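The structure appears below as structure tokens.
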Amino acid sequence: MSRTWRQRAVGRSALILMSAVICALAVDTAFAEEELLGEGNDGNRSGPVHLIPLYAQIFADDDPVEIRPDSKPALPFSVRATCGECHDYANIAGGWHFNSSDPQAPAGRPGEPWVLVDRTARTLLPVSGRAWKGTFTPEHLGISSWEMAKQFGRHMPGGDWGERFGDSDDGLDRLDASGKFEINCLACHNGDHRQDQSEAALQGLRENYRWIPTASSGLGVVSGLASSASEAFDPLMDDDVQVQYDAQRFDAKNAVFMDIAGRPPADRCYFCHSLQKRDLPENEAWQTDEDIHLTGGMTCVDCHRNGDDHRIVRGYEGEVEAENKPLSARGLTCEGCHLGDQGGQDVAAASGRLGAPRPEHKGFPTIHFQKLSCTACHSGPWPNRQNQYVRTPRIHRLGLHGKHRLDMTLPHVASPVFVTSETTGKITASRMIWPAYWGRMGKDQISPIPPETVKKQAGDLLAVETVEFKNDWLEIAPDQIAAVLTALKAEGQAEPVYVAGGKLYRLAGDGLSVRTEDHPGAQPYSWPLAHNVRPAQQSLGVNGCDDCHTIDSPFFFGEVAVDTPVSDRMDTAQPRYQLAGQSGTYWWAFNASFVFRPMLKTVGFVCAGLLGLILLAYALAGLRWVLRRIQGPIQE
Amino acid sequence: MLVVMGLHWTARRGAFGAAAGAVEAKPVRSWVRLIFYGIYLIWGGSFIVLALTGFAATLGWGGPMSGYLLMLHCTAAPVFCAATAALALIWAERSRLRPEDWKPASCEIGWGNIFFWLMLLATIPLILSMVVSMLPIFGTEGQEFLYHLHRWSALALLLCGGYMIFLKTAFRPGSTAA
């Protein structure tokens, strides 16, 4: 009897246990289904083949529609809908390339800003949503997200300003026609050489944001302009903007092969992250070398890595703390790979990662490593006595090959300039621009006046027709500044001022002239440069101390021209030591002392030798005395 | 070290001198004496400058010197090297270690000589560690080693040199201590 009860109890327990296991498996499966196909890593290092259907999603509330080459009307494919099938779009949208408009995103080390240039208004403003010191946020300047995307979308991979709109932003009425400027994954990850970012920029200028991935990937040809379409334009009904897909790219199941590079090739990065030396004629660009890391066979993403969240490692000292990155990001800095945690247990933090040679720095006093960043000696152009300028894609619109090409010369980006970092305290190789803008004096900062407002209020005072270009600027005279400031004074309460060439211009007491003074808001904006890294044999110091420690060395005493449209300061320059916040007298005296260095070495060796001889002579005499004391009794 | 010197002087000033007259320097001409005093002055002056600038950096912020302090240190360094070499030439013979200097009543003379030789011994790595670091021979680790060697040699020199000066002045034959 009791046995039967026991058997039943065991049977029931087994049944309950099995039920629990089945439930757990069901729950686990349900959760597993929530993880998208492209998330995580199953451990296989070969890349998945992206033979996928394309989806269109004209409005956010619509269900994605699979695209067929013969669909009428042919709709542009949506990256959010297509890539979002397997990848977490929202997670990616928090990545470094897409979060500058997010006030919650960590700003990190100052970087290259967007630059708003208006020659007529004599304005040059560094703009960044990251609120780096010395830049102005779009909110400061009254620039809407729509305008940011319109102005600078040519070198944006989408997302960011193209998708984050405030309720009161300008341009919202155009969104139905243009579509949002979604993240274009293909801008970076398309391994197909047909990916054309110049075409993407052109589509952006036409406000064809919705059509950018289709047009730039070469999957279809896009014609028409959303910018000229009415606000009531409906892509499903109207044909102001048309798509014609390349039918051969679709297979029998309407899937398209996308040559997706999980690790984007350097060429994709180059579209936004290139550099052109201005002192080198364009047809002699072949003389320039690539970054030594790329020459050595590496690619950008070997160091600038990221996970699914696309929070790319920027690779600077202090990034882990500044941007709340994983500790392993520390191993991807210059020091991380080349010096590392020698002898440590953690292989990821050990030196020699990616084959990085350990630098010897023979003859370099270690104080150099406390006072200088690695890039000061190893990166950027070799410093010359005179000014050097560079152009970058994002600032000078490089890489646009069609009708939308512009040969921009402003702003003048000086490189290299050596600036003492506020975070590390080290002298760091940097690039620099000199802001120029009209503003209103606040309690302790200057609020810039948008160029359009200045032009409206100053009218003919900015006289463009009668002024000639000088140093790429429309010159402005101090009395002209005074006249514009007087006009601006009549339009606002706060005192109007003008900033240019590192100086603040205010109306003098007579109201007819200006007085200049220094002001923190007038300081040039600089950002550290990291590339191109030169080979070791082309680094500062390779020729000895004289590379820097002479009384006229370019490193300290080279000059950086003050970039300004103001006529009486156009030919001025500042020595590099001044921009680095160093004392010229000290560095002159210190460098001059290197003349005596050979003498110091000679005196040192001679004196040490003499002392050695004296010690040896008396040591031998002492030894002789000892030996006599020992041998004396023996002889006796 | 100053405390040790004070205690030493207090304890021994009465006992010292019973046989101190045994060691007497040969009389020298007055102009030669002037040169000697000049060398002592230069050596002492550069010694003080180097000690102050060097240890100010070490004790002040724990790091290597920089700025004008470094320039002052580097200016005094060759002067000190030359003065030390001259001092060695002048004092080597009279600082020979002799059995008679180790009598209980005059052992300070013997110790003074010992510290003299130790000071010279410390001076060699002190000079070489910096001079060699200026040549493209040693890498970063080597430079670190030379820098620390310089610091420890400087400390040894300071202790030996300081105590030698104390012994050779406070307990010299004919001094007030005797």
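Predicted model only: the values in this text are computed from it and were never measured. So that the names make sense, note that chain A is the first sequence line, chain B the second, and so on, each numbered from 1.
Distance alone, capped at 3.5 Å, is enough to place a donor-acceptor pair between the A/S430 side chain and the A/T428 backbone. For the pair A/R576 (side chain) and A/R385 (backbone), a donor-acceptor distance under 3.5 Å is absent. When atom types are taken as modelled, the side chain of B/H150 and the backbone of B/L126 share a donor-acceptor pair closer than 3.5 angstrom. B/W111 places no side-chain N or O within 3.5 Å of a backbone atom of B/Y163 that could act as its donor or acceptor partner. Distance alone, capped at 3.5 Å, is enough to place a donor-acceptor pair between the A/E319 side chain and the A/R314 backbone.
B/M134 touches chain A through backbone and side chain together, each having a heavy atom under 4.5 Å away. Neither the backbone nor the side chain of B/M130 comes within contact range of chain A; no heavy atom of the residue lies under 4.5 Å from a heavy atom of that chain. For A/F364, the part lying under 4.5 angstrom from a heavy atom of chain B is the backbone only. Both the backbone and the side chain of B/L121 come within contact range of chain A, judged by heavy atoms closer than 4.5 Å. Contact annotation for A/W587: neither backbone nor side-chain heavy atoms come within less than 4.5 Å of a heavy atom of chain B. Heavy-atom distances place no part of A/A617 under 4.5 Å from chain B, backbone and side chain included. If you measure heavy-atom distances from B/F138 to chain A, the contacts under 4.5 Å come from the backbone alone. With a threshold of 4.5 angstrom between heavy atoms, B/S133 approaches chain A through N, CA, C or O but not through any side-chain atom. When heavy atoms are compared at a cutoff of 4.5 Å, A/L610 approaches chain B solely by way of its side chain, counted from C-beta outward. Residue A/F596 does not touch chain B at all, counting heavy-atom pairs closer than 4.5 Å.
Between B/L128 and B/S153, every side-chain heavy-atom pair lies at or beyond the 4.5 Å cut-off. A/W625 is not listed as a side-chain neighbour of A/R628, based on a closest heavy-atom distance of 4.5 Å or more.
Near-neighbour residues of residues 529-555 of chain A relative to chain B, defined by a heavy atom under 4.5 Å from a heavy atom of that chain, are none. Taking non-hydrogen atoms and a 4.5 Å limit, the residue list of residues 40-56 of chain B in contact with chain A is empty.
Heavy-atom pairs under 4.5 Å with chain B peak, among A/A589, A/P359, A/A619, A/G622, at A/A589. Ranked by heavy-atom pairs under 4.5 Å with chain A, the list B/T75, B/L89, B/T123, B/L97 is led by B/L89. Contact tally against chain A (heavy-atom pairs below 4.5 Å) for B/A92, B/A85, B/A88: the top residue is B/A92.
Identified under the salt bridge (charged side-chain N to carboxylate O under 4.0 Å, His left out) test for residues 80-93 of chain B, with sequence neighbours left out: B/E93-B/R96.
Crowding of A/K371 atom NZ: a count of heavy atoms from other residues, nucleotides or ligands under 6.0 Å not exceeding 12. Within a 6.0 Å sphere centred on CD of A/E321, heavy atoms belonging to other residues, nucleotides or ligands number more than 12.
If you run ring pair (Phe, Tyr, Trp, His ring centres under 6.0 Å) between A/Y577 and each of A/F590, A/Y586, A/W588, A/F557, only A/F557 comes through. For the side-chain contact (heavy atoms from CB on, under 4.5 Å) test with B/E141, the passing option among A/R358, A/H361, A/E360 is A/R358; the others fail.
For A/T295, the side chain to side chain donor-acceptor pair (under 3.5 Å) criterion is met by no residue, not counting sequence neighbours.
Ring pair B/W117/A/Y618 is tilted by interplanar angle, where 30° to 60° counts as tilted.
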Query raised in the report: Would A/T366 and B/T140 satisfy side-chain contact (heavy atoms from CB on, under 4.5 Å), going step by step from the backbone distance to the final call?
Result: CA-CA 7 Å; A/T366 52; B/T140 306; 4.3 Å; yes

Query - Evaluation steps, side-chain contact (heavy atoms from CB on, under 4.5 Å), between A/V320 and A/R330 - result: CA-CA 7 Å; A/V320 170; A/R330 202 171 280 161; 4.0 Å; yes

